[in-house]
Structure formats: C-alpha cells, structure tokens
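Naming convention: chains lettered A, B, ... in sequence-line order (proteins, then strands); numbering from 1 in each chain.
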Amino acid sequence: MEEIKKQTIMHIDVNSAYLSWEAVFRLKIGETVDIREIPSVVGGNSATRHGIVLAKSIPAKKYGIITGETIHSALKKCRNLIIAPPNHDLYLSSGRSMMKILEEYSPFVERYSIDEAFLDYTHMDYHFGDPVTAAHKIKDRIKKELGFTVNIGISTNKVLAKMASDFSKPDQVHTLYPGEIKSKMWPLPVGDLFMVGKATATDFQKIGISTIGDLANYDIDVIRSKFRRNGVMVWEFANGIDDCVVSSEDYLKSKGVGNSTTIAFDVTERKIAHKVLLAIAETVCMRLRDQKSAAGVVSVEIKNKDFIKYSHQAKLCSNTDCTNEIFKTAKTLFDEAWKGEPIRHLGIRVSDLCDSNVYQKSLFDEKLHDRNKALDNTIDHLRRRYGTNSIVRACFIKSQIKPLIGRLN
DNA sequence: TCTGGGGTCCTAGGACCC
DNA sequence: TCTGGGGTCCTAGGACCC
C-alpha cells in the first residue's frame with residue numbers, strides 16, 4: 001500500500017506588522033523609545049478624514065483599542081496614545097526583507113499579503129531539522145536580523161497553518177496537526193475561523209453554531225443548502241480539510257487594479273469630482289502600465305456623505321492602459337451613476353486584464369491612441385526618473401486636489 | 001473633532017440567444 | 001386564452017481577506 005505523503009506547511013505572520021516596522025525604523029534613526037512598549041498606534045489623520053487605527057501596540061490593546069476604530073475613539077480610551085502616520089513604502093520594503101529570509105528555507109514561498117507568507121516545508125527536514133526546530137530558527141533569525149517578531153503556525157495544509165499562527169502572540173511557534181484540531185481549534189468561536197466573517201458568524205449563531213467544533217459536526221447537507229459554496233468551504237476548514245497548494249507566482253500579477261480615496265471635504269461639484277477621478281486615473285494607469293497589463297473593464301465607485309456606496313462599470317470595446325482613455329470612461333460612468341448628493345469617497349478600479357503587449361489596437365482613433373501612448377510613456381519615464389511630482393497636469397496647479405491620488409505599488 | 005484602502009470571489013438577476 | 005428552458009454574458013452588490 002502506498003504511503004500518503006503528508007505535506008508540511010508553515011504560515012508566517014508579522015506581529016502588529018505596521019507598528020513593529022514603524023518601531024524598528026524609529027529605533028534605527030536614533031529614537032530611544034520603542035513604540036511597541038508604550039500605548040501607540042499607526043493611524044491616519046482625522047482632519048483629512050483618514051482617522052482610523054491601522055495597527056496597535058500590545059500596551060494599546062490593553063486599553064481596549066482595536067484595529068479599525070477611529071483615532072478619536074482610541075484617544076478617548078488612552079489620552080497619551082502615540083499616533084504614528086502610516087508609511088507604506090517602509091512596510092513594502094520590510095515585508096520584502098522578510099520574504100528574502102523565508103526563501104532560504106524553501107523554494108516554495110507564497111507571499112500572501114504584505115506581512116504574511118506561506119512556506120512549503122515538505123521534504124526540507126534534512127536541511128534545517130524538524131519543522132518546529134526550523135520554525136524557531138526562522139523566527140529567531142527574523143528577530144535578530146530585521147528587528148521584529150513573527151508568529152509561525154505549522155500544519156499539513158495552509159488553513160490549519162494559518163489558524164495555528166493566530167494562537168497566542170507574539171514571537172511564538174504553534175502546531176495544529178490534524179490530531180490537534182479537536183483540542184486546539186474546535187473550542188474557538190466560529191468567527192475565528194478563516195473566511196467566517198461577521199455576517200456568516202451571525203447567520204451561524206441563528207442555527208446554533210457558536211464554536212468551530214459546532215460547525216465541524218453540523219450536518220453538511222444543511223450547511224450546503226443554507227450557505228452554498230462558502231458554507232461547504234468553511235465546514236471543510238472546520239474539519240481541517242484544505243487542499244490548496246503553496247504557489248509562489250500569484251502575487252505579482254493581479255486580476256484588477258484600483259485606487260480610491262476619501263476626500264478631505266464633501267464634493268458637491270461635478271467638475272471637482274472629475275478632477276479627483278483624473279488624479280486617481282493617473283495612479284491606476286501607471287500601475288497598470290507598470291505591470292504590463294491593459295484593462296477591459298472600468299468601474300467607478302462612489303461613497304456619499306451618508307456612507308452609502310454604489311458603483312457603475314462598463315466593458316471597453318478594446319483593452320487599454322491609456323490614462324486619457326480610462327479617465328474618459330470613468331468620467332462618463334460617474335456622470336451616469338452620480339445621484340447628485342455630496343460625495344465623500346471616489347474610486348476607480350479596472351479589471352478583465354490582459355497582457356499589454358498582446359492586446360489589439362482599436363482601429364478607430366489609431367492616431368489619437370498612438371499619441372496618448374507616447375504621452376503616457378514620456379510621463380512614466382519622467383516620473384520614474386525625477387519623481388512622481390516632477391510632471392503634473394496643469395489643471396491641478398492651484399487646486400485643492402492632489403495631482404496623483406493613491407499608492408503606486 | 002466618528003467611520004481607510006487595497007484586493008478576491010461569489011451570487012442574483014436581467015438581457016439575449018437558440 | 002397559463003407560465004418553456006437551457007446557456008452565456010453582463011452588472012451591481014456583498015462577503016471575505018489583509
């Protein structure tokens with residue numbers, strides 16, 4: 001009888017990632033206080049309506065501060081809270097440094113998010129020892145060389161490894177092998193299970209499921225009829241079933257690119273909204289060209305002053321990566337969708353991507369298309385060489401709107 | 001001096017075709 | 001003079017993740 005080869009998967013998760021990385025950076029530039037050791041958060045600015053907590057220190061957590069709450073409310077819980085503004089470039093490079101170390105331990109490392117990765121450790125025992133020993137080595141190396149701590153979860157598949165890394169923090173290695181599911185995972189609240197969010201947890205409560213164990217032992221046919229595919233998936237997770245593989249390729253090519261922003265004031269004029277959309281189109285299209293993709297679908301998202309969200313999308317006749325072309329479509333979509341009420345937030349997202357070298361030039365407007373393309377190339381080149389603000393559209397001069405809105409990487 | 005921004009995937013419903 | 005029914009494509013919205 002053939003022996004079934006068991007996989008060994010690790011999930012590596014940076015503890016309070018943004019805050020840890022901010023702390024390491026501050027120590028490096030000579031600050032004496034480690035913000036991890038005092039009540040502190042990484043968060044935006046309330047004056048520009050970006051005031052929410054993105055990450056918190058452990059001392060801040062002791063005051064009851066939670067991720068996602070407003071800075072205003074966090075300050076009410078702790079008056080001398082330190083607030084560090086977010087620095088996305090720092091987080092990107094910190095995440096990359098960690099990936100480099102991980103890649104020394106396996107050829108199969110999947111970057112799952114800016115601060116999380118899966119590592120396939122199957123057949124690697126010979127090189128670095130048994131999984132627990134290796135995980136400690138990795139964890140301690142990251143701490144020593146990069147200055148921040150991680151949790152590592154170990155199991156036979158991705159979901160169990162991910163659940164394991166979420167056990168007690170920080171700076172810990174945990175296992176959650178199939179034999180440990182009953183004792184370590186089933187007592188947890190069902191909302192702690194990967195892919196069970198607030199809405200599903202509430203629906204589960206209604207039929208008497210409150211722990212992961214309750215879900216695992218529930219009649220699968222009832223789950224299937226009430227919760228469809230997602231229900232079946234989380235039921236399998238609760239029973240430790242997951243056959244996804246660790247894939248190192250996904251992270252770079254995205255299926256869509258989008259940027260959005262909450263504007264510092266409510267927009268009531270169509271012209272101002274168009275200007276914001278242009279500034280967003282600039283970054284979305286630069287990212288699109290950067291990853292050598294062309295978009296087939298453009299979507300505009302509006303959030304009004306009452307936080308009501310709606311969106312409108314359209315398929316293009318032919319794929320494009322041109323700022324002017326995508327902006328033109330976005331403007332039309334906005335005009336069709338906008339109900340005229342004050343706007344808090346605007347976004348553009350493009351999808352249905354194809355390789356920009358492959359796509360067919362539309363036969364109409366070929367000259368215009370070529371001119372736009374040349375313009376985009378020139379602007380991208382100048383911005384790469386001299387900085388993103390080296391060249392700016394004239395309409396943004398003396399405007400309250402920034403000429404480029406949204407992250408570029 | 002309330003409530004971010006970047007993603008993926010799924011589903012429901014309508015249009016349209018045979 | 002009761003209401004077909006697959007299949008596909010498209011859009012809007014919502015759930016979830018970080």
Can you list, in residue-number order, the parts of residues 298-311 of chain A that come under 4.0 Å of DNA chain C, counting heavy atoms only?
Tyr310(A), Ser311(A)

Closest of dT1(B), dC10(C), dC16(C) to the Thr200(A) side chain is dC16(C)

Within the pair His50(A) and dG5(B), is there a side-chain N or O less than 4.0 Å away from OP1 or OP2?
yes

Taking atom types as modelled, find out whether His345(A) and Thr262(A) have a side-chain donor-acceptor pair closer than 3.5 angstrom.
yes

Looking at the rings of Trp235(A) and Tyr218(A), which for Trp means the six-membered one, are their centres under 6.0 Å apart?
no

Can a side chain N or O of Arg349(A) be found less than 4.0 Å away from OP1 or OP2 on dT8(B)?
yes

Counting any heavy atom closer than 4.0 Å, what does Gly347(A) reach on the DNA or RNA strands: base, sugar-phosphate only, or nothing?
nothing

Across the strands shown, which category fits Glu116(A) at heavy-atom distances under 4.0 angstrom: base, sugar-phosphate, nothing?
sugar-phosphate

Listed range with range, the stems formed with DNA chain C by at least 3 consecutive Watson-Crick or G-U pairs (under 3.5 Å) are B:5-18 with C:5-18

Give a yes or no on whether Asp219(A) atom CG has more than 12 heavy-atom contacts from other residues, nucleotides or ligands under 6.0 Å away.
yes

For the residue pair Phe167(A) and His174(A), categorise the inter-ring angle as parallel (less than 30°), tilted (30 to 60°) or perpendicular (more than 60°).
perpendicular

Considering every strand and a 4.0 Å limit on heavy-atom distances, what is the contact class for Lys76(A): base, sugar-phosphate, or nothing?
nothing

If you look at every strand shown and take non-hydrogen atoms under 4.0 Å, does Gly197(A) touch a base, only sugar-phosphate, or nothing?
sugar-phosphate

Please tell me whether Phe128(A) and Tyr105(A) form a close aromatic pair, meaning their ring centres lie under 6.0 Å apart.
yes

Take atom NE2 of His11(A) and atom C1' of dC18(C), then tell me their distance rounded to the nearest Å.
10 Å

